[in-house]
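Notes for the one structure printed next.
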Amino acid sequence: MRAVKFAGAAVAAIIIVIALLLVVGIPSGFLTSTIAARVESATGYRLSIDGTTKISLWPTLNVTLNDLTLQDPKDRSGITRLTVDSVQADMSLSSVWSGTPRISELVVTHPVLYQPLLRERLPNVGAASKPVTLDTAGATIDRVKLIDGEVAFARVRDRVEGRISAINADAVVGRDRKVDITGTARVGDHPTKFDIKATAPTPPAERPTVPVDFAIDMPDVLKSQLTGHAEMRLNGDVVMINGVSGRLGDGAFNGWASVDIASKPLVKVDLDFQRLAIPLAKTPDGASGQPWSNAPIDVSGLNYVDAQVRISANEAVIGDARLAPLALDAKLAGGVLKAGTANLGAYGGQVSGEVILDATTGAPSFAMHSDLVGVRALPLLQGLAEFDRIDGKLQAKLALRSAGTSQRALMANMQGTAFVNFQDGAIRGINVAQVIRSLTTGTLSGWQGNQDSSQEQSTDLSQLSASFRIDKGQAVTTDLNLIGPLVRVTGAGTIALDTKMMGFRVEPKLVMTTEGQGRTSDPVGFGIPVMIQGSWSQPKIYPDMAGMLDNPDAAYAKLREMGKGLFGPDGAGLGNILGSLGLGGATAPGGGNATGNANPQAQQPGQNNLLGGPLGEAIGNLIQQGLSSGAGPGTGTATGTGRSRSLPAMPPTPAPQASPASPAQDDPPAAQQDSQPMNDVLRQLFNR
């Protein structure tokens, strides 16, 4: 009787334990060693399970493993490894009993693949390695979910780290071995969405070829969706990607690629595009005058991959610029990138050149040389640099080098030479002749563009050329030359590339006839050098009075020449100017005032005092500013220039005031003979 009671109690206890195990789960730490041994025999990698392991029988058979680490037993450093927070497998008991487990869902939570970054390829990477074979013993998986995965790239010695984070993927395997993988990730700071469809090979297959269709969306990097098809095959440590074809936006492409993953990756790519579009960031409105950014530019990643790339395209769109055809060859080895192109078609001309980027040091450096021949400047500059002020046929030679970790540092360290020549075009949005005339009334602040939006102003040019020598971000030219039908400008100056400042001293000349540049006589000079100083976007433009007084002989000769057409008949306009200065004038033979009064009747019918009285009067005002600035009565000291120049004593009896200059007429003035009274006044003015 006692034995029957004990047996009954034991059965009851077993039933209770089984009931509890069905609900709570079976602690199965004793299975970890068996699982680890099976994984290593199937993959060749060592699996360690540092967390708990349990099996649940309700509602389905569920196996959960925590804190897993997968490593290559040949890697003693332990840098390359895969860690997983948890792996959960759901399967049916019937499939387990049949000996061919069928996993309905495999959930992998927070897997992190740690991959070292190598600067040099390891020795013997060319040796053939045994392909990895996966022995699943008949087990199948219907669905795999990846939650919050990461790929961490790091090199401790260089303190470099990069990540592909937030990887969430869902892979579904169909009965016909079709695999559909969809998911999202974050590559650096760029969100990415992917959709991959492939066909799993039928085992056993030593080097199977896997057809893959892919679609990738990366809005921050790619202007449109990248779609394509490829045939992938693993040949030892080399992933071969053959038969590549697809579309990037509205441009089709084809080619091939390969990736050697034995140590430091070696990537080879050869793609041909029908149309290749590369977007460039637009400058925000009103930001043209902002300083260069001090944000760091990181190109250190170029040290940890080698590449050979060839890209060709029937048409390439870079920003808003269109180039056709394009053929670009690039090679990256040891952290040095060399990219070059020859005979690149660009807006009716050709471009050739090479860029070398060295990322091996803390401050990356670059060097470039480029030749542009016969390229139409406006669409090229507008598309690449958002600069729309100059049009014409562009010829340029550039040889530049610099180093730095930001935009400003690169500009401040710029060195080299540059030559640019624009021919048969126009300066858009500005009338140089009008600017020169405006200088006779005061200082200009900023480039004087269209005052009337309904009228498009421009300056036709036959040639605009300059050569620059660049040192530490300072571009210096001594041969600025602008030739147009109605204007000539020569000069010299400096452009500060780092601060976006400029300082130029130019000699403008106006052609006082519609015969333009074909006229036989020289153009009439403004008489006073013009200074252009300040920022690129808003410089100050003003006459250089100090420059005028530096060389009074030349200024006297120029004013004397200008007097023939600018100061009215017999120098009357200049006489009015001197009268306003209080300098008086000499008495001409016959009792007339040397300056005289402007006589409207003195102009013959059909004459056109185009820039006569008003311009002469305004230039006189400028002369007055230059001579009288800081000068006390009767001293004749021009403090603005730091020089003293004596003026003749005032005559004992005040000279009569000159009457206002005659108003400008519409027709050009008749050629005037050299006026002796005007010469006397000019000599008095310049103490000659």
Check your understanding: Can you tell me how far the CG atom of Leu398 sits from the CG atom of Asp371, to the nearest 0.5 Å?
Key -> 8.0 Å

Point to revise | Electrostatic pair Asp195-Lys197, nearest N-O below 4.0 angstrom | key: yes

**Study point:** Test item: Arg488 side-chain N/O and Gly484 main-chain N/O as donor-acceptor pair under 3.5 Å
**Key:** yes

Practice item. Would you please say whether a donor-acceptor pair under 3.5 Å links the side chains of Asp217 and Gln225? Key: yes

**Study point:** Residues Asp260, Arg121: salt bridge by 4.0 Å N-O rule
**Key:** yes

**Study point:** From CA spacing to verdict: side chain to side chain contact (heavy atoms under 4.5 Å, CB included), Ile196, Asp213
**Key:** CA-CA 6 Å; Ile196 300 173; Asp213 295 307; over 6 Å; no

Review point. Without hydrogens or angle criteria, can the side chains of Arg408 and Asn294 be said to hold a donor-acceptor pair below 3.5 Å?
Key: no

Exercise for review: For residues Glu354 and His369, determine if any side-chain heavy atom of one lies less than 4.5 Å from a side-chain heavy atom of the other.
Suggested key: yes

Check your understanding: Roughly how far, to the nearest 0.5 Å, is CZ of Arg186 from CE of Met218?
Key -> 11.0 Å

**Study point:** Point-to-point distance, once rounded to the nearest 0.5 Å, from CH2 of Trp292 to CG of Leu497
**Key:** 8.0 Å

**Study point:** Verdict with reasoning, Val305 to Val267, per side chain to side chain contact (heavy atoms under 4.5 Å, CB included)
**Key:** CA-CA 8 Å; Val305 62; Val267 180; 4.1 Å; yes

Point to revise | Smallest separation among heavy atoms of Tyr304 and Pro265, with atom names | key: O-CD, 3.6 Å

Exercise for review: State whether Arg322 and Glu315 are salt-bridged, where the test is any N-O pair (Lys NZ or Arg NE/NH1/NH2 against Asp/Glu carboxylate O) under 4.0 Å.
Suggested key: yes

Check your understanding: Where the side chain of Ser402 meets the backbone of Leu410, is there a donor-acceptor pair that is under 3.5 Å apart?
Key -> yes

Check your understanding: For the side chain of Trp256 and the backbone of Lys268, is there at least one donor-acceptor N/O pair under 3.5 Å apart?
Key -> no

Review point. Given the rule in the side chain to side chain contact (heavy atoms under 4.5 Å, CB included) test, do Thr192 and Thr184 qualify, once you have shown the distances and angles that lead to the verdict?
Key: CA-CA 6 Å; Thr192 305; Thr184 59; over 6 Å; no

Check your understanding: With no hydrogens and no angle check, is any side-chain donor or acceptor of Asp498 less than 3.5 Å from a backbone partner on Asn413?
Key -> no

Check your understanding: When you check the side-chain N and O atoms of Thr490 and Asn481, is any donor under 3.5 Å from an acceptor?
Key -> no

Point to revise | Whether Ser224 side chain and Gly249 backbone form a donor-acceptor pair below 3.5 Å | key: yes

Check your understanding: Roughly how far, to the nearest 0.5 Å, is OG1 of Thr361 from CG of Asn303?
Key -> 9.0 Å

Study note, to complete from the structure: Looking only at heavy atoms, the pair that brings Ala396 and Val420 closest together is CB-CG1, 4.0 Å

Check your understanding: Can you tell me if Lys193 uses its side chain to pair, donor with acceptor, with the backbone of Ala215 under 3.5 Å?
Key -> no

**Study point:** Test side chain to side chain contact (heavy atoms under 4.5 Å, CB included) applied to Leu480 and Leu464, step by step
**Key:** CA-CA 8 Å; Leu480 176 68; Leu464 172 59; 4.1 Å; yes

Point to revise | From Phe214 atom CZ to Ile216 atom CD1, the distance as rounded to the nearest 0.5 Å | key: 6.5 Å

**Study point:** NZ/NE/NH1/NH2 to OD/OE distance under 4.0 Å, Arg163 and Glu161
**Key:** yes

Review point. When you look at Gln274 and Asn314, which way does the side chain to side chain donor-acceptor pair (under 3.5 Å) test go after all the steps?
Key: CA-CA 5 Å; Gln274 292 295 324; Asn314 291 338; 2.9 Å; yes

Exercise for review: Begin with the C-alpha distance, continue with both residues' side-chain angles, and end with the deciding distance and a verdict on side chain to side chain donor-acceptor pair (under 3.5 Å) for Asp479 and Thr477.
Suggested key: CA-CA 6 Å; Asp479 58 0; Thr477 181; 2.9 Å; yes

Practice item. Determine yes or no for a side-chain-to-main-chain donor-acceptor pair under 3.5 angstrom, with Thr494 supplying the side chain and Val476 the backbone. Key: no

**Study point:** Sub-4.5 Å side-chain heavy-atom contact between Ile427 and Leu461
**Key:** yes

Practice item. Determine, for Arg310 against Asp329, whether the closest basic-nitrogen to carboxylate-oxygen distance falls under 4.0 angstrom. Key: yes

Check your understanding: Within the distance-only criterion (no hydrogens, no angle test), does the side chain of His229 pair as donor or acceptor with the backbone N or O of Val212 below 3.5 angstrom?
Key -> yes

**Study point:** Electrostatic pair Arg119:Asp158 at N-O distance under 4.0 angstrom
**Key:** yes

Revision key, fill the gap. Interatomic distance, CG@Leu118 vs CG@Asp306, rounded to 0.5 Å, equals 10.5 Å

**Study point:** Salt bridge Arg275-Asp250, side-chain N to carboxylate O under 4.0 Å
**Key:** yes

Check your understanding: Are a donor atom and an acceptor atom from the side chains of Asp471 and Gln415 found within less than 3.5 Å of each other?
Key -> yes

Check your understanding: Does Ser293 offer a backbone N or O that forms a donor-acceptor pair with the side chain of Gln407 under 3.5 Å?
Key -> yes

